[in-house]
Amino acid sequence: MTAPFDSSAPAPRPGGIAARALGRAAAPTPDYVARLNPEQRMAVETTEGPVLVLAGAGTGKTRVLTTRIAHLLATQKAYPSQILAVTFTNKAAREMRHRIGDLIGPSVEGMNWLGTFHSIGVKILRRHAELVGLRSDFTILDTDDQIRLMKQVIQAENIDEKRWPARQLANLIDSWKNRGLTPEDVPPGDGGSFADGRGVKLYKAYQARLKTLNACDFGDLLLENLRLFREHPDVLRDYHQRFHYMLVDEYQDTNVAQYLWLRLLAQGRKNICCVGDDDQSIYGWRGAEVDNILRFEKDFPGAVVIKLERNYRSTSHILGAASHLITHNEGRLGKTLFTDAVDPNAARVRVASAWDSEEEARAIGEEIEALQRKGHRLNDMAILVRASFQMRSFEERFVSIGLNYRVIGGPRFYERQEIRDALAYLRVVAQPADDLAFERIVNVPKRGIGETTVRLLHDHARARDIPIIEATDELIQTEEIKSTKTRTALRDLLASFGRWRSRLDDMKHGELAEMILEESGYTDMWQQDRSADAPGRLENLKELVRSMEAFESLGGFLEHIALVMDTDNTENQDAVSIMTLHSAKGLEFETVFLPGWEEGLFPHQRSLDESGRAGLEEERRLAYVGITRAKQRAMIWFSSNRRIHGLWQSNVPSRFLDELPEKHVEVIEQTSSYGGYNVGGVGNYGASRFDRADPFTNTYSTPGWQRAQANKGSAQAHARAVPRQIEGELVAKSTGSASKYKLGERVFHQKFGYGAVIEIEGNKLTVDFEKAGSKKVVDSFVTKH
DNA sequence: CTGGAGCGTAAGATT
DNA sequence: TACGCTCCAG
């Protein structure tokens, strides 16, 4: 993929810094500092005390962070191991390490405390596990295990699991953990509705089970850190000593727990530098508190706030469009991006429409191919969608036309069933107390050990408070398991585990894994499987074994799997990237396509329902993130119809389209081979604004645009002052003839099927379809029947 | 205990 | 529409 990070104007100059980092005297104005703009420079040189860097999109955020670290090292204010640098994603951590390496050379290896919140949290927790009731080899549960465990807890409390699903409890507990709340801290009445007020009780039971299993979930990694620091001030003091300087990336995404964690650690030397952009806070749904960044100065007295507003990434049209859009948000700190690079030939942000998602995909495909013919690389283009289901139409289309694409952040490798099964085997071998792993594979492949037996084992384990594998060992000595077949199967399985475990020290773990998969019959199971995806699964298993070789120990490998979510498939092929807007944050591309700007999808209905105005603002920030990913070209699409839950639904253009400034936007009339549907799907108008002499005059006066406006119906908070026309009038003007259909006539529509005309307005029909219900369609899309 | 049929519900993002 | 889960029969 294209250089996925902030590209600041000045190029790095590695040499000088490396030398200084090794201990030479610092020059008065080091090269790397002189090449920064004044604000960046201030952010780098203000090393002492709390600093908040408000870095707009494309203003050189990563550059500031990495240069700051290089500066701390070059001026010998700290050793690499004395700098704590935290990011949210593994990708960001990797990139930062890489870029610091470019600046300072191999001494970046000494940066032991550069990583994600979670990976640093685990590292600290493993060192002091016993202080919070864990052993240092504790297991990290992923969401799937987490939910299975909660299911068990819910059942153990005799609560109707259908009425109170584990999934929901998981969300509730997660939200408590995000807010830094242990079961004891949860305010009375909070989450009281769950299971009639038994939520906290379940939380407590769940935590107790985790301790028995010697396990942690993601939330615990931080929560247990907080407990550790609070209950053991000596430990905290130790880290105060250790961390001379702290740096935090994407501060706008921190949740309360992370904030508390940072604050505890920063109490020591107070040298904390947080970099973020309130306009790019898009993770409120998972507990991020924009408030953290908004009140930084209050939380860290004496803080210096530095704004980076000079953008080095995008054209002025792109910046203008994004900036204007985001001004519709309240509750922001307020930055205005600007650029010196004013290119009179730069393209405006283009807005186009499609009839449905297939046409949208086809049209974008054509745009991409056109660019390709002009010599642009696919690697420089990206399609950013709101929701992952949108990816499908693009994939289908691109497969059929043979256009290379790459899906970023799709289903993760280790989340696949076969990988999780294989890992469960490894976990049982490495961590005998891992009951969840045992329960997962005890009957995979089928061994005749059914639900009844597993429950028996489980109950015995709970009653004796021992790991299930020990309970099994005890039970197979007795007659309690009636079936001799089952008993033999269990005995064999336990014997296998023992055998594998005994080889842990004298075999390479890759080979051991292979042996386990072979002897357990797991590989065999997939070889017997005749389904289409079985070969792929076997391939994945091989890949898993291969990837193990890079790790020192089985434990190290398992930890990597638990924490490092992204498989880095940076293939060198030229390909268009398809990803969600969320995973696009931090990336940049020459050309960006933004499909699906429709009310309900973007802004997403659920966001509006759940969080109201705050939700809308977060969606708007997401739109802002999307547009600002583009360096040269941004093209926004919406389609009039989209299939959701298998039903066709007609859409209204996103309100965000209204919020784009006219002078930076160009509305495109579709003239594709499929008949060219316009904004709102009214049909081909023939003559368009392109007939006019000056194509850059008021683009909003195009009929399609007005139709979009009219279509929108209900007034929005920030509706523009755009000339509106009554639909009928507009339609009449556009076609000049009345419809050839009659009321009550039976018609056929390609997408909606059969139906009866119940209303006629010019060339527009309202049809009551048998399957799809009542829809407004243009008469050219239906045929008489 | 296993496999298949039928029903219901869900399709936002991440460590 | 698609998949996951429950229920039922063998």
Side-chain angles (χ1 to χ4, degrees), chain A residues 86-93 115-122 140-144 146-147 151 161-162 165-167 171 174 177-178 216-223 250 253-255 257-258 281-288 357 384-393 408-412 414-415 417 442-455 481-483 485-486 489 559-566 579-586 596 600-611 615 618-619 621-622 625-626 642-649 771-772:
Chain A
V86 213
T87 64
F88 276 85
T89 64
N90 296 294
K91 199 166 68 180
T116 63
F117 275 102
H118 290 90
S119 67
I120 290 171
V122 186
I140 302 162
L141 299 188
D142 61 25
T143 322
D144 197 70
Q146 204 181 328
I147 287 173
K151 214 174 259 180
E161 209 240 304
K162 272 176 215 136
R167 167 103 240 146
N171 286 336
D174 250 9
K177 289 186 176 177
N178 284 338
C216 263
D217 63 22
F218 279 116
D220 285 332
L221 296 180
L222 277 161
L223 197 60
E250 309 276 20
D253 289 335
T254 48
N255 61 33
Q258 287 157 339
S281 165
I282 55 176
Y283 286 108
W285 52 274
R286 68 171 211 213
S357 56
L384 310 182
V385 299
R386 176 63 183 84
S388 43
F389 76 82
Q390 292 174 259
M391 294 179 178
R392 203 174 131 182
S393 46
I408 312 276
R412 310 204 179 319
Y414 63 89
E415 275 175 7
Q417 186 196 338
V442 65
N443 199 30
V444 179
K446 298 264 183 293
R447 300 185 173 91
I449 303 165
E451 204 193 319
T452 330
T453 313
V454 174
R455 190 171 309 140
I481 296 164
K482 303 288 183 300
S483 151
K485 218 201 262 166
T486 306
E559 177 144 321
H560 172 87
I561 286 289
L563 287 177
V564 181
M565 313 292 278
D566 48 4
M579 69 187 91
T580 63
L581 285 160
H582 282 90
S583 49
K585 185 151 71 101
L601 176 58
F602 195 34
H604 200 284
Q605 192 57 49
R606 206 154 142 190
S607 202
L608 302 182
D609 291 347
E610 283 169 14
S611 320
E618 182 154 312
E619 295 287 307
R621 291 193 290 266
L622 204 45
V625 167
R642 198 173 283 281
R643 196 164 47 179
I644 298 185
H645 305 191
L647 294 172
W648 284 93
Q649 192 185 298
K771 296 248 169 66

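None of the values given here were measured: they were computed from a predicted structure. All chains are named by letter (A, B, ...) in the order of the sequence lines, taking the proteins before the strands, and each is independently numbered beginning at 1. Every heavy atom of this structure was used, including side-chain atoms; hydrogens, water molecules and symmetry mates were not.
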Check every atom of [options] against the side chain of [X] and return the nucleotide holding the closest atom.
{"X": "A:N90", "options": "B:dT15, B:dT14, B:dG12", "answer": "B:dT15"}
{"X": "A:F218", "options": "B:dG12, B:dT14, B:dT15", "answer": "B:dT15"}
{"X": "A:A387", "options": "B:dG12, B:dT2, B:dT15", "answer": "B:dG12"}
{"X": "A:K446", "options": "B:dC1, B:dG3, B:dA13", "answer": "B:dG3"}
{"X": "A:S583", "options": "B:dT15, B:dG12, B:dT14", "answer": "B:dT14"}

Exercise. Given the C1' atoms of B:dG12 and C:dC5, what is the spacing between them in whole Å?
Worked result: 23 Å
Exercise. In whole Å, what separates the C1' atom of C:dC3 from that of B:dT14?
Worked result: 23 Å
Could you check how far [atom1] of [X] sits from [atom2] of [N], rounded to whole Å?
{"X": "A:N255", "N": "B:dA13", "atom1": "CG", "atom2": "C1'", "value": "15 Å"}
{"X": "A:I561", "N": "B:dT14", "atom1": "CD1", "atom2": "C1'", "value": "16 Å"}
{"X": "A:L647", "N": "B:dA10", "atom1": "CG", "atom2": "C1'", "value": "12 Å"}
{"X": "A:L563", "N": "B:dT15", "atom1": "CG", "atom2": "C1'", "value": "8 Å"}
{"X": "A:K585", "N": "B:dG12", "atom1": "NZ", "atom2": "C1'", "value": "15 Å"}
{"X": "A:L622", "N": "B:dT14", "atom1": "CG", "atom2": "C1'", "value": "14 Å"}

Exercise. Ring stacking, A:W285 with base of B:dA13, under 5.5 Å and under 30°?
Worked result: yes
Taking all heavy atoms of [X] and all of [Y], pick out the closest pair and write down the distance.
{"X": "A:N255", "Y": "A:G287", "result": "CB-O, 3.0 Å"}
{"X": "A:M391", "Y": "A:T580", "result": "CE-N, 3.7 Å"}
{"X": "A:H582", "Y": "A:I282", "result": "NE2-O, 3.2 Å"}
{"X": "A:K177", "Y": "A:A257", "result": "O-CB, 3.4 Å"}
{"X": "A:S583", "Y": "A:I408", "result": "OG-O, 4.2 Å"}

Phosphate oxygens OP1/OP2 of [N]: is one of them under 4.0 Å from a side-chain N or O of [X]?
{"X": "A:T486", "N": "B:dC1", "result": "no"}
{"X": "A:T89", "N": "B:dT14", "result": "no"}
{"X": "A:N443", "N": "B:dT2", "result": "yes"}

Exercise. Hey, which of these two, A:F88 or A:E451, hits DNA chain B nearer its 5' end, going by closest nucleotide?
Worked result: A:E451
Exercise. Between which nucleotides of DNA chain C, read 5' to 3', does contact with chain A run, using atoms under 4.0 Å from its heavy atoms?
Worked result: C:dT1 to C:dC7
Would you indicate what [X] reaches in the nucleic acid, counting non-hydrogen atoms under 4.0 angstrom: base, sugar-phosphate, or nothing?
{"X": "A:F117", "result": "nothing"}
{"X": "A:D142", "result": "nothing"}
{"X": "A:I282", "result": "nothing"}
{"X": "A:E610", "result": "base"}
{"X": "A:E619", "result": "base"}
{"X": "A:S388", "result": "sugar-phosphate"}
{"X": "A:H604", "result": "sugar-phosphate"}
{"X": "A:T452", "result": "sugar-phosphate"}

Exercise. Ignoring hydrogens and geometry, is there a side-chain-to-backbone donor-acceptor pair from A:R447 to A:V442 under 3.5 Å?
Worked result: yes
Exercise. A:Q605: what forms a side chain to side chain donor-acceptor pair (under 3.5 Å) with it, not counting sequence neighbours?
Worked result: A:D609
Problem set entry | Worked check of side chain to side chain contact (heavy atoms under 4.5 Å, CB included) between A:E451 and A:V454 | CA-CA 5 Å; A:E451 204 193 319; A:V454 174; 5.8 Å; no
Problem set entry | Of A:R286, A:R621, A:K585, the residue whose pairing with A:D253 passes salt bridge (Lys or Arg N to Asp or Glu O under 4.0 Å) | A:K585
